[in-house]
Amino acid sequence: MLNYIWAFMILVGVIYGAVTGRMADVTNAALDSAGDAVSLCITMIGVMALWVGLMEIAQKSGLIAKLTRGIQPFISFLFPRIPKGHPAREYISTNLIANVLGLGWACTPAGLKAMEELAKLEEERGTPGYVQEGGNGKRSWEAVEGAVGKGRGSMTDVSGVADGRKGKRERIASNEMCTFLILNISSLQLIPVNMIAYRQQYGSVNPAGIIGPAIVATFVSTLTAVVYCKVKDRRRRA
């Protein structure tokens, strides 16, 4: 969808430039923007290297492990159905900590691993769409995912894959998956690294001036996300 939106905006800009006789301005703007994009990428690579390196140091020093243990009560509150000691809890904790520190690049691998572990948990629970009975027993999540990835149907349309029979078996996101995704979208941040880097790149007098408003905004969004998830979870159980 975003590709269509960007294509439409570019097309409108080119047509408007041609109609108004300002194609030279359109061309110059395109070239200048291309240069700015390269410069921004170089800046962001440096920022990413710095913060990912700090994240690695924090992990090696045991700081991340201590923070992970410290937020376990919060994890238990949000994800009461995830068993204690399950790998998903550690990955979720690492992802949330990285998000809070504004390390969006560092939190992505942990987020993917968390979703993978949550999918395995659904397989262990016997959730339709995540397992398949027949033949040599349960069919793994990877097998179901691979069949969907070949272009036959969508994430909620797995024909004959989930149970070995003809027909459709739905594979839907679990409550834990939805909660985790919503928390990532709300993303409480103490240090909005990306925004600071963007503001510095484009000549802001005080790039770090965004920290205060960002903390307030993301705190409100995260609080709203937590309340929403708990309300929906309670309704689901009712």
Side-chain angles (χ1 to χ4, degrees), residues 48 51-52 55-56 58-60 63-164 168-189 222 225-226 228-229 232-233 236:
M48 178 179 67
W51 286 100
V52 172
M55 186 71 176
E56 187 69 18
Q59 187 172 8
K60 295 293 184 181
L63 178 61
I64 297 299
K66 291 180 180 179
L67 292 175
T68 298
R69 289 193 295 270
I71 68 171
Q72 285 308 302
F74 178 70
I75 299 298
S76 297
F77 171 73
L78 285 176
F79 305 95
R81 296 182 66 233
I82 299 181
K84 291 185 177 180
H86 194 277
R89 296 173 70 98
E90 180 180 353
Y91 289 122
I92 290 173
S93 300
T94 303
N95 177 270
L96 293 181
I97 292 171
N99 261 325
V100 168
L101 296 178
L103 307 179
W105 309 282
C107 75
T108 300
L112 295 175
K113 291 296 292 184
M115 279 297 188
E116 182 180 331
E117 292 298 332
L118 290 175
K120 291 180 180 179
L121 181 60
E122 291 305 301
E123 180 183 357
E124 294 169 3
R125 291 170 176 170
T127 303
Y130 290 87
V131 296
Q132 178 183 15
E133 299 293 341
N136 56 359
K138 290 185 178 180
R139 187 166 182 176
S140 67
W141 154 261
E142 288 80 6
V144 178
E145 185 180 46
V148 177
K150 293 179 180 178
R152 301 194 301 271
S154 64
M155 290 293 288
T156 57
D157 181 5
V158 188
S159 301
V161 173
D163 60 358
K168 296 181 180 179
R169 296 289 296 277
E170 291 186 349
R171 187 181 75 183
I172 60 177
S174 67
N175 187 64
E176 289 82 6
M177 290 178 178
C178 293
T179 300
F180 179 57
L181 181 60
I182 291 172
L183 282 176
N184 268 268
I185 294 173
S186 64
S187 187
L188 172 65
Q189 289 191 1
T222 301
V226 170
Y228 174 81
C229 290
K232 296 296 288 186
D233 185 48
R236 184 186 65 84

Rounded to the nearest 0.5 Å, what separates atom NZ in Lys232 from atom CG in Asn175?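 Reported to 0.5 Å precision, the distance equals 10.0 Å.
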For Leu121, give me all partners under side chain to side chain contact (heavy atoms under 4.5 Å, CB included), at least two apart in sequence or on another chain. Ile82, Pro83, His86, Glu124, Arg125
List for me each residue that meets side chain to side chain contact (heavy atoms under 4.5 Å, CB included) alongside Leu181, sequence neighbours excluded, and say none if there are none.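 If we apply the side chain to side chain contact (heavy atoms under 4.5 Å, CB included) test to Leu181, skipping adjacent residues, the hits are Met115, Ile185.
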Does Glu117 have any side chain to side chain donor-acceptor pair (under 3.5 Å) partners at least two apart in sequence or in another chain, and if so, which?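 Scan of Glu117 (side chain to side chain donor-acceptor pair (under 3.5 Å), adjacent residues dropped) gives none.
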What residues, two or more places apart in sequence or in another chain, satisfy side chain to side chain donor-acceptor pair (under 3.5 Å) together with Ser93? Gln72
Just so I know, are the side chains of Phe180 and Asn95 near enough to count as touching, which here means a heavy-atom distance under 4.5 Å? yes
Are Phe74 and Leu96 side-chain neighbours, meaning at least one heavy-atom pair lies under 4.5 Å?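 Heavy-atom side-chain distance check passes, below 4.5 Å.
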Kindly say whether Ile172 contributes a backbone atom to a donor-acceptor pair with the side chain of Tyr130 at under 3.5 angstrom? yes
So which atom in [X] and which in [Y] form the shortest heavy-atom distance, rounded to 0.1 Å?
X      : Y      : value
Arg89  : Phe79  : NH1-O, 4.2 Å
Met177 : Leu118 : CE-C, 3.7 Å
Leu78  : Thr179 : O-CG2, 4.3 Å

Using the rule given for side chain to side chain contact (heavy atoms under 4.5 Å, CB included), can you reason through Asn99 versus Leu188, listing the C-alpha separation, both sets of side-chain angles and the distance that settles it, and then say yes or no? CA-CA 7 Å; Asn99 261 325; Leu188 172 65; over 6 Å; no
Holding to salt bridge (Lys or Arg N to Asp or Glu O under 4.0 Å), I want the full list of residues that pass it with Glu90, two or more places apart in sequence or in another chain.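 Listed in chain order: nothing, the list is empty.
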